[in-house]
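Take a look at the structure below.
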Amino acid sequence: MDFTLPEEVEMVRRMVRDFVKDRLQPLADQVEEEDKIPDDVLQEMKELGFFGLPFPEEYGGVGVGELGYVVALEALGGANSAYGNLIGAHTGIATMSIYLGGTEEQKRKYLPELCSGEKIAAFALTEPNAGSDAAAIETTAVRKGDKYILNGNKIWITNGDIADVVIVYAVTDKSLGARGGVTAFIVEKGFPGFSVGKIDEKMGLRGSHTAELIFEDCEVPAENVLGEVGMGFLIAMKALDVGRIGLAGGAVGGAQWLLEQCIEWANQRVQFGKPIAHQQAIQWMLADMATEIHAARLMTYHAAWKLDQGQRVSREAAMVKLFASEMANRVADMAVQIHGGIGYMKEHFIERAYRDTRILRIYEGTSEIQRLVIARDLLKAGK
Ligand code: COS
């Protein structure tokens with residue numbers, strides 16, 4: 001067994017790490033205050049290939065697979081969460097839905113401009129009455145001639161306010177439910193009847209917005225049915241399998257960065273006449289953080305590798321999402337503890353990281369849903 005990362009993946013890691021250090025970290029407070037990623041930074045991210053990392057070059061992607069994508073999200077961990085969030089929603093689940101479920105024609109039409117970042121994508125599944133229970137969506141799509149007419153509301157949609165292309169999941173046959181009754185649609189910004197509602201006020205993740213999306217007799221050409229009618233639920237589940245691995249990569253990166261900040265702080269903060277790093281209480285927290293990060297990183301790389309081998313990863317994706325997000329929350333909690341009073345202050349980045357980390361246990365499937373997916377798979381397989 002060889003744990004060495006491929007050279008092209010190492011190159012991606014170095015590129016993202018340098019970009020974070022030189023370009024993103026100096027802007028951290030600005031992004032937090034303005035609640036916006038600066039336009040010139042967004043442009044640079046597009047030029048560096050951030051938007052199409054895992055996809056094959058024939059569709060305009062960078063071609064570094066899920067492993068390269070995960071390593072990039074990990075390296076982004078030292079920056080505000082806004083960047084990983086933008087990429088996670090755009091690449092990890094929205095563009096991924098087209099890649100996994102689209103016809104060849106749809107892939108050729110949409111992937112190049114999504115991979116270049118010329119167009120931004122969002123993934124619209126969640127509704128007021130359908131969060132964890134994704135099959136309970138109520139948005140309807142009814143065929144009328146060569147169009148489908150969509151009616152309903154989606155909420156908390158990441159990139160919703162800036163998306164040019166939205167993957168919308170809607171009910172085409174209520175009687176079939178998750179097994180053939182849900183269809184995915186590629187909805188473009190200008191389609192009649194589609195509008196963006198309110199932008200949410202969140203606990204954290206400033207610089208990344210979630211919004212309500214409204215479909216009022218929204219007209220979608222029949223050729224924009226993603227893949228086939230009735231395949232929507234499967235496409236959503238498969239995209240979420242992939243997205244959850246990327247999310248775990250981001251959680252590992254964020255936790256690693258917090259660990260490094262804690263080591264630096266513990267070496268410089270003097271109490272009782274010596275740096276607090278000399279106290280065993282602090283050392284044990286650092287050791288626990290490092291051990292959990294290592295475990296989550298290996299699990300995440302393994303899941304990404306398995307996906308790149310073309311194997312099904314539903315169980316592993318749920319496991320890494322569960323473990324890495326819970327781990328990142330434990331690490332963020334210890335990071336505040338090690339920093340003490342200063343870590344609770346609004347002006348300190350540790351306070352921001354603590355708030356931003358909390359969502360990891362909720363979006364792209366709560367920890368409870370991940371346990372449900374794992375347990376169902378265990379009981380089905382008997383091992
Ligand atoms: N890959 C392939 N097929 C899948 C699948 C996956 N990952 N997950 C489910 N399916 C299939 C099932 O095999 C089943 O088909 P068969 O009965 O023919 O085998 C069908 O899809 C329905 O699945 P299931 O019975 O598991 O559906 P449930 O309604 O019980 O819900 C959960 C499944 C809870 C896993 C799903 O609703 C879920 O993931 N919820 C969380 C949603 C989420 O992550 N939201 C975040 C919003 S996006 S940021």
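Counting starts at 1 for both ligands and their atoms, in listed order. Note that the coordinates shown come from a computational prediction; the quantities given were computed from them, not determined experimentally. One is the number of the first residue; the rest follow in order along the sequence.
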query: ligand 1 versus Ser132, non-hydrogen atoms closer than 4.0 Å: side chain, backbone, both, neither?
result: backbone
message: Using a plain distance cutoff, I'd like to know if Ala178 has any nitrogen or oxygen under 3.5 Å from a nitrogen or oxygen of ligand 1.
response: no
- request: Would you mind checking which non-hydrogen protein atom is closest to atom 28 (P) of ligand 1, with the distance to 0.1 Å?
  value: Arg376 NH1, 3.9 Å
message: Show me which atoms of ligand 1 lie under 4.0 Å from any heavy atom of Asp241.
response: 1 (N), 6 (C), 7 (N)
task: Answer yes when Lys119 and Asp164 have at least one side-chain N-carboxylate O distance shorter than 4.0 Å, and no when they do not.
output: no
Side-chain ion pair, Lys306 and Glu316, N-O less than 4.0 Å: yes
task: Please collect all salt bridge (charged side-chain N to carboxylate O under 4.0 Å, His left out) contacts where either partner lies in residues 87-105, sequence neighbours excluded, each pair once.
output: Glu104-Arg108
query: Any idea which atoms of ligand 1 are less than 4.0 Å away from a heavy-atom of Val373?
result: 35 (C)
message: Would Arg179 count as a polar contact of ligand 1, with the cut-off being nitrogen or oxygen pairs under 3.5 Å?
response: yes
query: For ligand 1, is Gly131 a contact, meaning one of its heavy atoms is under 4.0 Å away?
result: yes
field: ligand 1 N/O within reach of Tyr363 N/O, cut-off under 3.5 Å
entry: no
Heavy-atom protein contact below 4.0 Å for atom 32 (C) of ligand 1: no
Distance-only N or O hit between ligand 1 and Arg312, under 3.5 Å: yes
message: Counting only heavy atoms closer than 4.0 Å, does ligand 1 sit against the backbone of Arg315, its side chain, both, or neither?
response: neither
- prompt: Is it the case that more than 12 heavy atoms not belonging to Lys107 sit under 6.0 Å from its NZ atom?
  reply: yes
- prompt: So, for atom 7 (N) of ligand 1, does the protein have a heavy atom nearer than 4.0 Å?
  reply: yes
query: Side chains of Thr172 and Tyr148: is there a donor and an acceptor less than 3.5 Å apart?
result: no
- prompt: Are any non-hydrogen protein atoms located under 4.0 Å from atom 36 (C) of ligand 1?
  reply: yes
- prompt: Any idea which atoms of ligand 1 are less than 4.0 Å away from a heavy-atom of Ala135?
  reply: 29 (O)
message: Does Lys147, at its NZ atom, have more than 12 non-hydrogen atoms belonging to other residues, nucleotides or ligands within less than 6.0 Å?
response: no
query: Short check: is a protein heavy atom less than 4.0 Å from atom 25 (O) of ligand 1?
result: yes
query: Heavy-atom contacts under 4.0 Å between Thr366 and ligand 1: side chain, backbone, both, or neither?
result: neither
message: Contact between ligand 1 and Phe123 is defined here as a heavy atom of the residue under 4.0 Å from a ligand atom; is it met?
response: yes
query: Should Glu10 and Arg17 count as an ion pair when the cut-off is N to O under 4.0 Å?
result: no
message: I'd like to know if the side chain of Glu216 pairs up with that of Asn151 as donor and acceptor (distance under 3.5 Å, no hydrogens or angles considered).
response: no
